[in-house]
Amino acid sequence: MTKIGDIYTEIQKKSLCFAVLEEREHFSRIFVSLRDKDKVSRIFEDNSWNKLKETPRESYLYGMEHFCYYESHGEKITVVFQLACRSTLNSAWVPLDRKINLTAIERITLDSNGIPRLCAEDELCYFLAKCVYTDKTFDLQDIKRIESCFAKSDINQLMPKIESVFFRFSQKMLEMVQNKEYDHIINALWAFAEY
């Protein structure tokens, strides 16, 4: 098991809620309840993870809790306490709407590998916002997650959440996801006249 896998196990042993948002080679981003911030920090320290300083150019709006960055033996984990994306104005981190953030930690489920994940609707909103606002592109790994979440989502639970992120473009966004038009979503969003 990797150091990242070990830390997941340690967090689970303490019965703390978390969700794995992203996993790349030697990197993970996890979502943790703000109320568990100190406990999770202690787990990282007790397991010899080094807390890294955040880069000076990182800024957070609307009273967001700053992310925590950890490293051990070449592996890195970013811990976030709100689901967020980059602002279109100044690239600062901004939280996704309260409709998503207030209940996200309560709706975490285990995937087929026993990894804790956001519910499909929350994860879909997170990845669409990540691709559009933070990364400004849809890579293949993110598309795979988006399509998996889209297939599992309950449209009645999804629509109020996605509308809090993409407003009147939400229906068009979902149509474009369904039609796999990822190369055109960002331009279509910026060209949308009734946002």
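Remember, it's a predicted structure, so these values are computed and weren't measured experimentally.
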Tell me whether Trp190 is reachable from Phe169 by hopping between hydrophobic residues (I, L, V, M, F, W, Y) whose side-chain heavy atoms are closer than 4.5 Å.
-> yes
Is the shortest side-chain N to carboxylate O distance from Glu22 to Lys130 below 4.0 Å?
-> yes
Between Val94 and Val165, is there a shared hydrophobic cluster once you connect ILVMFWY residues whose side-chain heavy atoms come closer than 4.5 Å?
-> no
Test item: Trp93 and Phe67 side chains (from C-beta on) under 4.5 Å apart, heavy atoms = yes
Do the side chains of Leu118 and Phe27 join up, straight or via other hydrophobic residues, at under 4.5 Å, putting them in one cluster?
-> no
Considering residues, nucleotides and ligands other than Leu140, do more than 12 of their heavy atoms fall under 6.0 Å from its CG?
-> no
Heavy-atom count around Lys136 NZ within 6.0 Å, excluding the residue itself: above 12?
-> yes
Heavy atoms, side chains only, cut-off 4.5 Å: are Tyr70 and Ile30 in contact?
-> no
Is it true that a side-chain atom of Ser170 and a backbone atom of Ile162 form a donor plus acceptor pair closer than 3.5 Å?
-> yes
Indicate yes or no: does Lys144 engage Glu23 in a salt bridge with an N to O separation below 4.0 Å.
-> no
Quick one: are Ser72 and Ile7 in side-chain contact, heavy atoms under 4.5 Å?
-> no
Is Ile146 close to Leu124 at the side-chain level, that is, under 4.5 Å between some pair of heavy atoms?
-> yes
Does Lys172 make a cation-pi contact with Phe192, if we ask for NZ or CZ under 6.0 Å from the ring centre and within 45° of the axis?
-> no
According to a 4.5 Å side-chain heavy-atom criterion applied to Ile, Leu, Val, Met, Phe, Trp and Tyr, with indirect links allowed, do Leu61 and Val132 form part of one hydrophobic cluster?
-> no
Of Arg107, Lys161, Lys99, the one forming a salt bridge (charged side-chain N to carboxylate O under 4.0 Å, His left out) with Glu121 is Arg107
Would one find more than 12 heavy atoms of other residues, nucleotides or ligands at under 6.0 Å from atom NZ of Lys37?
-> yes
If we only count heavy atoms from C-beta on, is the Ile186 to Phe138 side-chain gap below 4.5 Å?
-> yes
Less than 6.0 Å separating the ring centroids of Phe44 and Tyr69?
-> no
Phe18 ring center within less than 6.0 Å of Tyr8 ring center | yes
Can we say Glu45 and Arg42 salt-bridge, meaning some charged N sits less than 4.0 Å from an Asp/Glu carboxylate O?
-> no
Exceeds 12 heavy-atom contacts within 6.0 angstrom, atom CZ of Arg24 | yes
